[in-house]
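In what follows, a single structure is set out as structure tokens and then discussed.
Below, chain A is the first sequence line, B the second, and so on; all start at residue 1.
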2 protein chains.
Amino acid sequence: MVEIYNMAGHLVRRLNQISVAVFADRMAAEGVELTPVQFAALSAIDARPGIAQAALAGAIAYDQTTLGGVIDRLEQKGFVAREVSPRDRRARVLTVTQAGQDLLARVRPVVRDLQGEILSGLDEDEKAQLLALLKKTTDAGNDKSRAPLTPRGGI
Amino acid sequence: MVEIYNMAGHLVRRLNQISVAVFADRMAAEGVELTPVQFAALSAIDARPGIAQAALAGAIAYDQTTLGGVIDRLEQKGFVAREVSPRDRRARVLTVTQAGQDLLARVRPVVRDLQGEILSGLDEDEKAQLLALLKKTTDAGNDKSRAPLTPRGGI
DNA sequence: TACTAATAATCAGCATACTTAATATATCGA
DNA sequence: TCGATATATTAAGTATGCTGATTATTAGTA
């Protein structure tokens, strides 16, 4: 018996891999090329049009440098437009293009639906319990992460 | 309110990032350079000396290609020895060196201890509940992963 | 035994995820 | 207003995590 099998870190890592694989399968079935990270970014930009990269990173708990690359790819695919902010020339202001909106409309129900498949083997009560516990501990551990959530533009 | 905040995929991703960050902090505090993935590999090789890379990948739910790179780094640091198997010249047989054993002895208690910090904000009952649910769903979803656990050398 | 299929490992390439450093721009205080 | 400081982004480098292809070797079969 390998000692790591019951460790939180190992189990969380595996569940994340399952989550990413389920997402990839569903997108492939939909004929869409979009990663979980790209979906989250696109969805968050749509919720806050004109947000800058740094604020977006805080809004969805991404590393700022990583996000730069993610936006590069979303821009290249034509789903996101990036412009220099008129109020702060350091910042890049993001908006979702029409193609991005269309894509979002199409994949949103798929993404919602696939969440249940990530937690396969659990009944509805157990899924709700697991989600509640995940929410509680990610909230409590937020500051430990290198990419914490900073909902309102930081402390 | 961004729509992803209550999705399983997003929460699992964040908890994994917290997990990795906690691990990195504790190792840094210990003065050791070791990633969670490297620890898992080292620990699993120690549990099954002479295991080949493919079997190891199945034993700890790693992608085989990824594992090659992980072993490269462990070998370079002198913690693992890699030799061509006498029974199957395609295979590379792995063992933990003395330096690897020493490192394991040193970090094992640290790794065990840090698991609690990954799930901060939960009381003992809640931690046990979360672990049980994680175990149940990773078990059920094992085959969905690109790197499933194959405990006894495959199906 | 020759042919074929399967397996172990590696390579090339792409996408996260992070660190440290550099560059450009803003802001604050003296 | 000048200078120190802080912030937004990008660049370079490392590590995981995957896909698809290639090579070497083994195993199974006609």
Of A/S145 and B/A91, whose nearest nucleotide on DNA chain C comes first from the 5' end?
B/A91

Looking only at the side chain of A/T66 (C-beta and beyond, no hydrogens), which of the listed nucleotides D/dC18, C/dA17, D/dT9 gets closest?
C/dA17

Over all strands shown, is A/V70 touching base, sugar-phosphate only, or nothing at heavy-atom distances under 4.0 angstrom?
sugar-phosphate

Are more than 12 heavy atoms, taken from residues, nucleotides or ligands other than B/E33, located less than 6.0 Å from that residue's CD atom?
no

Rounded interatomic separation in angstrom, taking CG from A/L34 and P from C/dC14:
18 Å

Have B/Q129 and B/D125 got a donor and an acceptor in their side chains that come within less than 3.5 Å?
no

Check whether any side-chain N or O of A/Q38 sits under 4.0 Å from OP1 or OP2 of C/dA15, and answer yes or no.
no

When the distance from CG of B/L42 to C1' of D/dT16 is rounded to whole Å, what number comes out?
17 Å

Of A/R87 and B/G68, the one whose nearest nucleotide on DNA chain C sits closer to the 5' end is B/G68

Would B/I4 end up clustered with A/I18 when hydrophobic side chains under 4.5 Å apart are linked, directly or stepwise?
yes

Tell whether B/R90 reaches the base of C/dT7 with its side chain through a donor-acceptor pair below 3.5 angstrom.
yes

Counting the atoms with a prime plus P, OP1 and OP2 as sugar-phosphate, which does A/Q64 contact under 4.0 Å by heavy atoms, base, sugar-phosphate, or nothing?
base

Send over the distance from B/R92 CZ to C/dT10 C1', rounded to a whole Å.
9 Å

Give the nucleotide from the list C/dA8, D/dT10, D/dT16 with an atom nearest to the side chain of B/A54.
C/dA8

Considering only D/dA8, D/dT9, C/dA9, which nucleotide approaches the side chain of A/D88 most closely?
D/dA8

Taking atom P of C/dC14 as reference, at what distance in whole Å does atom CD of A/Q76 sit?
11 Å

Choose from D/dT25, D/dG17, C/dT25 the nucleotide whose nearest atom is closest to any side-chain atom of A/R13.
D/dG17

Where the side chain of B/D63 is concerned, which of C/dA8, D/dG17, C/dA17 is the nearest nucleotide?
D/dG17

Counting side-chain heavy atoms from CB outward, which of C/dT16, D/dT9, D/dG17 is closest to A/A52?
D/dT9

Salt bridge or not for B/K144 and A/D25, using N-O below 4.0 Å?
no

Compare side-chain N and O positions of B/R82 against OP1 and OP2 of C/dT10 and report whether any pair is under 4.0 Å apart.
yes

Nearest to the side chain of A/T65, heavy atoms from C-beta on, is which of C/dA26, D/dA11, D/dC18?
D/dA11

Here the distance between atom C1' of D/dG17 and atom CG of A/N16, to the nearest Å, is 10 Å

Hey, is the side chain of B/R89 poking within less than 4.0 Å of OP1 or OP2 on C/dA8, counting only N and O atoms?
no

Short side-chain donor-acceptor distance under 3.5 Å, A/Q98 and A/D102:
yes

Please determine whether a side-chain nitrogen of the Lys or Arg among B/D123 and A/K136 lies less than 4.0 Å from a carboxylate oxygen of the Asp or Glu.
no

On DNA chain D, compare the nucleotides closest to A/D72 and B/A147; which residue's is nearer the 5' end?
A/D72

